[in-house]
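What follows is a single structure, written as structure tokens, with notes after it.
In this chain, residues are counted from 1 in sequence order.
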Amino acid sequence: MATKQRVCIIGSGNWGSAIAKIIGANAKQLDNFDDRVTMYVYEEIINGRKLTEIINEEHENVKYLPGHKIPENVIAVPDVVEAASDADILVFVVPHQFIKRICSTLLGKIKPTACGLSLIKGFDKKEGGGIELISHIIAKELSIPMAVLMGANLASEVADEMFCETTIGCKDNAMGAILRDMIQTPFFRVVVVDDVDSVECCGALKNIVACGAGFVDGIGLGDNTKAAVIRLGLMEMIKFVDVFYPGGKLSTFFESCGVADLITTCYGGRNRKVSEAFVKTGKSIAELEQEMLNGQKLQGPFTAEEVNYMLKAKNMEARFPLFTAIHRICIGDLRPVDLIDCIRNHPEHMFDGDENLPPKCHL
């Protein structure tokens, strides 16, 4: 890697803009990073002006992170190739539905020595069945080493510099140290672990559980019921990683990327918020996403669909009854209130090693 690391942030939603505040400030202060940080911004017209123009002149993303100043050394660029071509570190923070298109655009147009850090929480479907981790897709498409960052990191609170923790999953110690320096601040504590797949799975799967928490809120049940959803959701997260990405460490689930992110999202995230409105209004997920999220994408229902795609292909829906029920509620096959029967009858024996026992949760 070069002595002065050049950084490009690919994405400029609320999380991308919040992380740009941190990376921009650190790049300006630290000797081993180039001052100039590029940020790929999907061009939009806001009140007759280009969003990139507003960011570069006013140093604020007025659409996705209003009220927060982005460092002046962060330069908004509407062309992803122009933004990324000279970068040593590519920070990916776009909705996961767009990652393949971005990778195909960047192929052959970035430094061969570059590395990547994915902040993207989700999976993608494989043709013929199964799902694929986003970091694996980027690594395969661009032939670069990848790390991931996941944690209890609500963008608005990170932007407000409220203390929080995060987890970087990286197998290369030297690369992990550089990424930690790029991200860490007194209010944003970073722990680096080498269990990359588990870290990334946590970041995706917790959004499914958050939808379940939102359904509970919409039905009008209390924190005790939500706690049951969180606990059973964590059990299914651990089981999912054990089955599909074996070799992970149980300790990873007790890092910020695991139980902390799960709790935060089930109480404060947009997946919970929209899922509550889904129950109360009777509107579709798509309608509510358009009405409530100011152009942001909702990850939970998409991830639930992708996970169910894999479970169904492998005849494993009964082994993950909470994930399956949440998916079926999102698509209208079950009523939100049916989630309570699933919670009540969740097969606790799913962790006793006897996979042949019939499930109690009838889906």
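A donor atom on one side chain and an acceptor atom on the other are found under 3.5 Å apart for H346 and E236. Judged by distance alone, the side chains of T52 and E43 do bring a donor and an acceptor atom under 3.5 Å apart. No donor-acceptor contact under 3.5 angstrom links the side chains of N207 and T303, judged on distance only.
Atom CD of E72 sits in a sparse spot, with 12 or fewer heavy atoms from other residues, nucleotides or ligands closer than 6.0 Å. Applying the 6.0 Å contact sphere to CD of E291 captures more than 12 heavy atoms from other residues, nucleotides or ligands.
Nearest approach of L117 to L149, heavy atoms of both residues: CD1-N, 3.9 Å. The shortest non-hydrogen separation linking A18 to A155 is CB-O, 3.7 Å. Counting all heavy atoms, side chain and backbone alike, A83 lies closest to T38 at O-OG1, 2.7 Å. Shown here for V229 and G212, the closest heavy-atom pair between the two residues is CG1-C, 4.0 Å. Taking all atoms of both residues into account, the shortest heavy-atom contact from G16 to I9 is O-CG2, 4.2 Å. Nearest heavy atom pair, residue G269 against residue L154, reads CA-CD2, 4.2 Å.
Pairs passing the salt bridge (Lys or Arg N to Asp or Glu O under 4.0 Å) check and including a residue from residues 96-106, sequence neighbours excluded, read K100-D124. Applying the side chain to side chain donor-acceptor pair (under 3.5 Å) test to pairs two or more places apart or on separate chains, those with a residue in residues 8-26 are S17-N61. Pairs of residues two or more places apart, or lying in two chains, never qualify as ring pair (Phe, Tyr, Trp, His ring centres under 6.0 Å) while including a residue from residues 34-92. Contacts classified as salt bridge (Lys or Arg N to Asp or Glu O under 4.0 Å) and involving residues 220-230 (residues at least two apart or in different chains) are given here: D217-K226. A ring pair (Phe, Tyr, Trp, His ring centres under 6.0 Å) check over residues 138-181, counting only residues at least two apart or in different chains, returns nothing.
A continuous path of ILVMFWY side-chain contacts below 4.5 Å connects I22 to V192, so both sit in one hydrophobic cluster.
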Checking side chain to side chain contact (heavy atoms under 4.5 Å, CB included) for the pair C115/I89: CA distance, chi angles, key distance, verdict? CA-CA 5 Å; C115 68; I89 302 173; 4.0 Å; yes
Show the numbers, then the answer: is there a side chain to side chain contact (heavy atoms under 4.5 Å, CB included) between I230 and L234? CA-CA 6 Å; I230 292 171; L234 180 61; 5.6 Å; no
Would L293 and K273 count as a side chain to side chain contact (heavy atoms under 4.5 Å, CB included) if you check the C-alpha gap in whole Å, the side-chain angles of each, and the deciding distance to 0.1 Å? CA-CA 10 Å; L293 297 186; K273 181 180 178 182; 5.8 Å; no
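Take K69 and apply the side chain to side chain donor-acceptor pair (under 3.5 Å) test, not counting sequence neighbours, and it matches no residue. For the ring-ring contact (aromatic ring centres under 6.0 Å, His included) test, residues two or more places apart in sequence or in another chain that qualify with F278 are F215.
The closest side-chain heavy-atom distance from D34 to V7 is not below 4.5 Å. Between M310 and E306, the closest side-chain pair of non-hydrogen atoms is not below 4.5 Å. At a threshold of 4.5 Å between non-hydrogen side-chain atoms, the residues E317 and H327 do not count as touching. When side chains are defined from C-beta on, T225 counts as touching I340, because their heavy atoms get closer than 4.5 Å. A heavy-atom distance below 4.5 Å is not found between the side chains of T105 and I102. Using a 4.5 Å cut-off on side-chain heavy atoms (C-beta onward), E287 and M292 make no contact. Within the 4.5 Å cutoff, the side chain of V216 has no heavy atoms near those of the I219 side chain. For the pair M237 and F323, the minimum side-chain heavy-atom distance is below 4.5 Å.
Between the E200 side chain and the S135 main chain, a donor and an acceptor come within less than 3.5 Å of each other. Looking at E60, its side chain never comes within 3.5 Å of a backbone N or O of L65 through a donor-acceptor pair.
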Under 3.5 Å, which donor-acceptor pairs do the side chains of residues 241-255 form with other protein atoms, sequence neighbours left out?
| residue | atom | partner | partner atom | Å |
| --- | --- | --- | --- | --- |
| K249 | NZ | D194 | OD1 | 3.0 |
| T252 | OG1 | D195 | OD2 | 2.7 |
| T252 | OG1 | K249 | O | 3.3 |

Residues 173-182 side chain polar contacts: donor-acceptor under 3.5 Å, at least two apart:
none

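Membership of an apolar cluster is not assigned to F302, as no side-chain contact below 4.5 Å to another ILVMFWY residue is traced. Residues I75 make up the rest of the hydrophobic cluster containing V77, defined by ILVMFWY side-chain heavy atoms closer than 4.5 Å, directly or through other members. Taking Ile, Leu, Val, Met, Phe, Trp and Tyr as members and joining any whose side-chain heavy atoms lie under 4.5 Å apart, directly or through other members, the hydrophobic cluster of V199 also contains V148, M150, V191, V193, V196.
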